[in-house]
Amino acid sequence: MKRQFVLIGGGQTSASAARTLRRRGFDGSIVIVGDESHHPYQRPPLSKEYLQGRAAMEEIWAAAPEWYSQNDVQLELGARALRIDRANLDVMLEGNRKLRADAVLIATGGTPRRFPGAQGEAVLYLRTLEDAQRVREYARPGRHIVIIGGGFIGSEIAASARTLGADVTLLEAMQAPLERVLGTTLGGVCAEIHREHGVAIRCGVAVESITQTAGGRVLVKTVDGASIDGDVAIVGIGILPNVDVAKATEITVGNGIRVDEFCRTTALNIYAAGDVANHYHPLFDRRMRVEHFDNATRQGAAAALNMLGDRTRYDDPHWFWSDQYDHSLQYAGHAEQWDEVIVRGSLEARDFVAFFLLDGKLAGAFALNRGGEIMLAKELLARRITVDANKLRDEDFDLSSLVTEDVSENSAVDGEDAAATAGNFHRAARSGQVREGSVRRFVVQGTELAIARLNGKAYALHNLCTHLACHLSSGKVENNGLTCLCHGSIFDLASGEPINPPATRPVKTYPVREIDGHIYVAVE
Amino acid sequence: MTEWIRATEITPLQQRKKLKVTIAGVDVALFYVDGSVYALRDICIHKQSSLSRGLVFKGKVVCPGHQWAFDLKTGWVDQWAKCQPVFPVKVEDGVVYVAPEPRVRDVEPAPHERFCESGSTA
């Protein structure tokens with residue numbers, strides 16, 4: 001009998017998993033069970049392009065509707081899965097139906113957290129296509145929208161509704177919108193953008209009650225005694241993961257479904273991914289649950305590979321975006337806490353990337369209108385490269401050199417000087433690539449080197465610190481030594497001997513020749 | 001016969017590594033990578049950001065808008081299985097010429113056609 005994989009959840013995660021399975025040549029059956037009546041669609045546009053009427057339904061499908069039939073993917077739409085029989089993996093559906101399965105993916109997403117006691121048709125949430133259509137009815141001139149919650153959803157609805165000409169009041173209990181993710185200062189930059197666009201934004205005040213009044217309007221009361229009258233209240237105070245199926249299956253949950261870095265739940269052959277998955281992240285060495293589109297896409301794909309029998313670690317550094325007004329907001333990484341924020345660029349000009357450091361290590365980066373540098377931040381995170389804060393801050397320092405500076409063997413083919421390369425010397429770099437007082441990473445004959453320059457002389461050391469294998473090329477050149485920024489070990493440039501702990505063993509050094517503007521290094 | 005339109009001298013492109021030019025009324029992003037010139041439509045097929053403001057990384061130009069990564073040679077973006085239009089380009093006597101007929105693929109390019117697999121920065 002052909003193998004059958006059942007994907008529970010009708011969103012981006014399942015669509016991505018199905019696409020991955022087919023691209024990888026899986027020829028068994030695939031069934032997607034979704035409780036909405038639509039084909040899987042992308043949710044990010046619901047608060048942005050779709051809400052503003054700039055994107056039609058057919059532009060936001062996760063995959064074109066015909067893709068499913070063309071690729072023999074069965075859709076069970078408007079169907080609710082209840083539980084999975086762990087012994088034989090049958091997926092039980094509402095209405096006494098069941099689907100046999102050889103592996104199951106749970107990608108059931110989340111449900112907006114409700115505001116206690118708030119009821120009525122003028123109290124809205126935004127998660128589904130229908131929700132967006134309801135919000136659209138109010139996003140027009142002459143209407144007053146009261147948004148409760150200045151997170152990403154609330155901020156995006158505010159931006160879209162203002163763009164469409166509605167009056168908007170945005171209420172945030174913390175000191176600034178997006179404060180939990182960005183902190184007060186950067187959140188304050190976002191607050192200022194909303195103000196400039198005419199949003200009445202009030203921060204630091206919690207909402208006490210939301211009541212629908214006669215005539216279908218709403219009255220929002222804050223704890224400091226203010227009453228705000230509006231046509232509609234839209235609540236964006238987070239989502240709760242949909243863990244009912246997992247609970248009924250006796251799979252371990254706790255702020256989502258617990259999965260490891262291979263997307264595996266505590267039950268054999270049952271996987272989870274997307275908003276619902278609380279995953280162990282090898283890069284950050286802790287658990288996290290992430291509610292972003294890119295995570296849905298990538299974790300869904302990783303889960304699919306693992307369902308096929310791969311061992312694909314899901315260790316993407318995480319990335320998300322939020323488009324508000326004419327601004328591009330992007331974030332890479334996952335900083336729950338930080339002890340330093342380094343700003344590269346200008347807050348006033350709204351052209352910056354901010355790096356969140358914890359114990360000197362990059363934990364996250366937020367960019368306003370600087371998508372290019374977010375891509376680099378993602379690479380720095382993925383490769384666990386520690387960067388000197390001064391380099392991050394210095395606009396004259398080319399960040400891309402930290403992740404693209406490899407001079408691979410094939411760049412040295414354009415004529416090496418025979419004399420220069422005698423005795424096992426290989427060309428490693430152009431002299432100009434290693435400036436005075438700097439260190440950079442190069443790969444020569446497969447050996448990873450940190451090449452530094454001090455008082456005009458070039459030195460080559462093996463790039464991995466003998467303490468905990470941090471990249472010395474991310475370090476700092478000073479006082480005759482190369483300092484590893486991870487834990488402060490300092491190595492003598494010429495001998496590689498440790499002159500400052502914690503490192504106790506010398507790092508290997510290599511003979512260097514510099515001839516005609518090129519650095520040559522002798523490696524075995 | 002292919003019509004070739006003079007886009008720019010190569011020197012400023014070599015210095016800046018990327019350049020936005022207008023070819024027959026269309027904005028085209030030029031990139032200079034490892035001694036070769038690549039030309040893609042400047043406006044991203046996804047959401048109207050400008051690729052000439054993006055960074056080139058591992059043989060792909062990454063759009064600053066939403067991080068779609070386009071293969072320099074073919075315009076292919078793997079994650080979405082879609083293609084940015086690419087323009088034929090040639091360099092003669094220090095001048096870059098672009099042909100104003102973009103090519104848009106609708107099937108996945110073979111590995112050897114792509115920059116990453118055939119180039120040096122895989």
Side-chain angles (χ1 to χ4, degrees), chain A residues 16 19-20 22-23 42 44-45 48-49 54-55 59 62-64 67 293-294 297-298 300-301 316-317 319-323 326-332 351 353 367-379 382 398-414, chain B residues 14-20 29 31-36 40 42-72 76-84 106-111 114-122:
Chain A
S16 174
R19 182 162 55 190
T20 304
R22 286 298 183 236
R23 281 181 86 175
Q42 305 180 33
K48 301 188 273 288
E49 299 87 349
R54 292 192 286 118
E59 292 173 64
W67 181 87
F293 179 78
D294 196 56
T297 307
R298 291 177 192 272
D316 187 82
W319 164 78
F320 65 87
W321 83 94
S322 173
D323 297 328
D326 287 333
H327 295 292
S328 159
L329 290 73
Q330 298 188 44
Y331 185 98
D351 175 31
V353 52
L368 190 55
N369 302 316
R370 284 219 185 172
E373 287 175 350
I374 276 298
M375 187 266 287
L376 298 176
K378 214 179 151 192
E379 281 298 313
D398 178 12
L399 283 184
S400 66
S401 68
L402 294 168
V403 291
T404 56
E405 69 192 8
D406 293 20
V407 175
S408 52
E409 286 92 327
N410 48 21
S411 72
V413 294
D414 50 329
Chain B
Q14 282 172 330
Q15 284 164 353
R16 289 156 62 181
K17 308 295 182 204
K18 56 192 183 188
L19 203 62
K20 184 165 93 172
F31 299 94
Y32 182 81
V33 180
D34 289 353
S36 297
L40 293 88
D42 186 53
I43 299 300
C44 179
I45 49 166
H46 178 217
K47 288 197 180 146
Q48 313 282 305
S49 292
S50 176
L51 287 192
S52 55
R53 291 185 55 232
L55 292 180
V56 172
F57 189 61
K58 292 184 181 170
K60 295 181 173 125
V61 52
V62 182
C63 178
H66 302 89
Q67 309 289 334
W68 283 32
F70 300 93
D71 182 72
L72 276 172
W76 181 255
V77 49
D78 211 43
Q79 194 184 358
W80 297 102
K82 287 182 182 169
C83 235
Q84 179 79 3
D106 50 9
V107 291
E108 189 170 346
R114 304 190 201 185
F115 182 95
C116 273
E117 277 76 9
S118 64
S120 57
T121 54

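Computed from a predicted structure; not experimentally measured. In what follows, every chain begins at residue 1, and chains take the letters A, B, ... in the order their sequences are listed. Worth knowing before you read on, the calculation uses all heavy atoms, side chains too, and leaves out hydrogens, waters and symmetry mates.
Neither the backbone nor the side chain of E59(A) comes within contact range of chain B; no heavy atom of the residue lies under 4.5 Å from a heavy atom of that chain. At a 4.5 Å heavy-atom cutoff, the contact between D294(A) and chain B is made by side-chain atoms alone. Contacts between S16(A) and chain B at a heavy-atom distance below 4.5 Å are absent for every atom of the residue.
Contact tally against chain A (heavy-atom pairs below 4.5 Å) for G35(B), G54(B), C63(B), G65(B): the top residue is G65(B). Listed options K378(A), R54(A), R23(A) were ranked by heavy-atom pairs under 4.5 angstrom with chain B; first place goes to R23(A).
In this structure, L55(B) CG and F31(B) CZ are separated by 9.5 Å, a value rounded to the nearest 0.5 Å.
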Checking K17(B) against Y32(B) for the side-chain contact (heavy atoms from CB on, under 4.5 Å) test, could you report, in this order, the C-alpha distance in whole Å, the side-chain angles of both residues, the deciding distance, and whether it holds?
CA-CA 5 Å; K17(B) 308 295 182 204; Y32(B) 182 81; 4.3 Å; yes
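Using a cutoff of 4.0 Å between basic side-chain nitrogens and carboxylate oxygens, K48(A) and D323(A) are not scored as salt-bridged.
Defined by atom type and a distance below 3.5 Å, a donor-acceptor pair is present between the side-chain atoms of S400(A) and D398(A).
Of the possible polar contacts, none joining the Q67(B) side chain to the F320(A) backbone as a donor-acceptor pair under 3.5 Å is found.
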